[in-house]
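Residue numbers run from 1 in the order of the sequence given.
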Amino acid sequence: MNSIYLIAPSGASYDDQSPLTGIAWLENQGIRIQNAECVKRVFQRFSGNDAQRLQEINHLANLDPQTIVMAMRGGYGIHRLLPEIDWQAIAQAIQKGLQVCGHSDFTTFELALLAKTGAITLSGPMLNYDFGRLTDDGQPIAPDDFMWKHFLSAVQSRKLDCSIQAQQSYLGKSSAGRVQGMLWGGNLTVLASLIGTPYLPSAKQTQGGILFLEDVNEHPYRIERTMMQLLDAGILGNQAAVLLGGFSAYRLFDNDKGYNLEHAVASIRERLPDNIPILTNLPFGHQANKLTLPIGATANLEFGPQGFSLQARW
């Protein structure tokens, strides 16, 4: 990996130091950073106006195919741009070797590209949080070793290989098994916002898939409600397996009276066909220790009561 081309397609940076810290760390690894000026753009809550951010995304089609593209951060903003993105040109660049990585709001772009073209992108680290994290007093926090290892494996070898040891409580009648299917998903709230639009992969594309989901700042009842939406829309029941990553930074309240995330997942388990396992503790989400997951690649999943393994080559 020689260079990373930064894009800022969503929210503006909360601060000036995080992106600069991330850039400095990557440069210390011998990686050349391109388009670093994008981290300074601000228009309202966005990292530039719509025209600027759209132009930046469409410019991906013109980059050197050996380039790694990385989003600065998430937030919101890509949904505004969807009708004007040149999907086919970007897909052609990816076919030639371009790799594009991000998560959170970037799920919008990745699922839309998959729906329109079938192109594979990487749901993985972004600049600000994963490489530019800071302590409360502004000191740099080193990037997570697990995250960096799996990111390098993805971009250098186009390989995913992980084993998770964690008790699995929502397997249904399939206490153990193996499935193969298209790996896809991302941020739960973002994915649900695409239902009924041409930017969500079709039921035919995702049938028998391995769907992974994560979210942040969402109370468990909102997680349950949004997963109910996916269930009622025929999405969850269309999968071979559902993987749940991190659901972080939420707060429980006194009036929950014991209701928590485990109860939310259990309520979905009761309604999902028994032959579709729900697996938990996927290391992915708004957290330091995250995998880099190839959206659109064929993956192999082996699972049992004590954990699961996930492999893919693309």
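Under the side-chain hydrogen bond (donor to acceptor under 3.5 Å, both in side chains) criterion, Thr206 pairs with Asn238, not counting sequence neighbours. Every residue meeting the side-chain hydrogen bond (donor to acceptor under 3.5 Å, both in side chains) condition with Ser13, not counting sequence neighbours, appears here in chain and number order: Asn128. Under the side-chain hydrogen bond (donor to acceptor under 3.5 Å, both in side chains) criterion, Gln34 pairs with Ser3, sequence neighbours left out. Annotation: side-chain hydrogen bond (donor to acceptor under 3.5 Å, both in side chains) contacts of Glu218 (sequence neighbours excluded): none. With sequence neighbours excluded, no residue forms a ring pair (Phe, Tyr, Trp, His ring centres under 6.0 Å) with Tyr250.
Screening residues 116-139 for salt bridge (Lys or Arg N to Asp or Glu O under 4.0 Å) gives Asp130-Lys290 as the qualifying pairs, with residues at least two apart or on separate chains. Sorted by first and then second residue, the ring pair (Phe, Tyr, Trp, His ring centres under 6.0 Å) pairs involving residues 166-186 (not counting sequence neighbours) form an empty list. Residue pairs meeting the ring pair (Phe, Tyr, Trp, His ring centres under 6.0 Å) criterion with at least one member in residues 108-147, sequence neighbours excluded, are Trp25-Phe131, Trp87-Phe109, Phe106-Phe109, Phe131-Trp148, Phe146-His150. Counting only residues at least two apart or in different chains, ring pair (Phe, Tyr, Trp, His ring centres under 6.0 Å) contacts with residues 193-213 comprise Phe212-Phe284. For residues 180-197, there are no salt bridge (Lys or Arg N to Asp or Glu O under 4.0 Å) pairs, not counting sequence neighbours.
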| message | Under the criterion side chain to side chain donor-acceptor pair (under 3.5 Å), I'd like the reasoning laid out for Ser18 against Asp15: C-alpha separation, chi angles, the key distance, then a yes or no. | response | CA-CA 6 Å; Ser18 292; Asp15 63 86; 3.0 Å; yes
Run the side-chain donor-acceptor check on residues 220-228: report pairs under 3.5 Å with partners two or more places apart or on a different chain.
from   : atom 1 : to     : atom 2 : distance (Å)
Glu224 : OE1    : Tyr259 : OH     : 2.6
Glu224 : OE1    : Ser267 : OG     : 3.3
Glu224 : OE2    : Ser267 : OG     : 3.3
Thr226 : OG1    : Arg222 : O      : 2.8

Could you list the donor-acceptor pairs under 3.5 angstrom formed by side chains in residues 76-83, with sequence neighbours left out?
from  : atom 1 : to    : atom 2 : distance (Å)
Arg80 : NH1    : Asp50 : OD1    : 3.2
Arg80 : NH1    : Asp50 : OD2    : 3.4

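Side chains of His59 and Asn35: no donor on one and acceptor on the other come within 3.5 Å. Side-chain atoms of Asn58 and Asp86 form no donor-acceptor pair, as typed in the model, at a separation below 3.5 Å.
Put simply, the side chain of Ser47 never gets that close to the backbone of Arg41: no donor and acceptor are under 3.5 Å apart.
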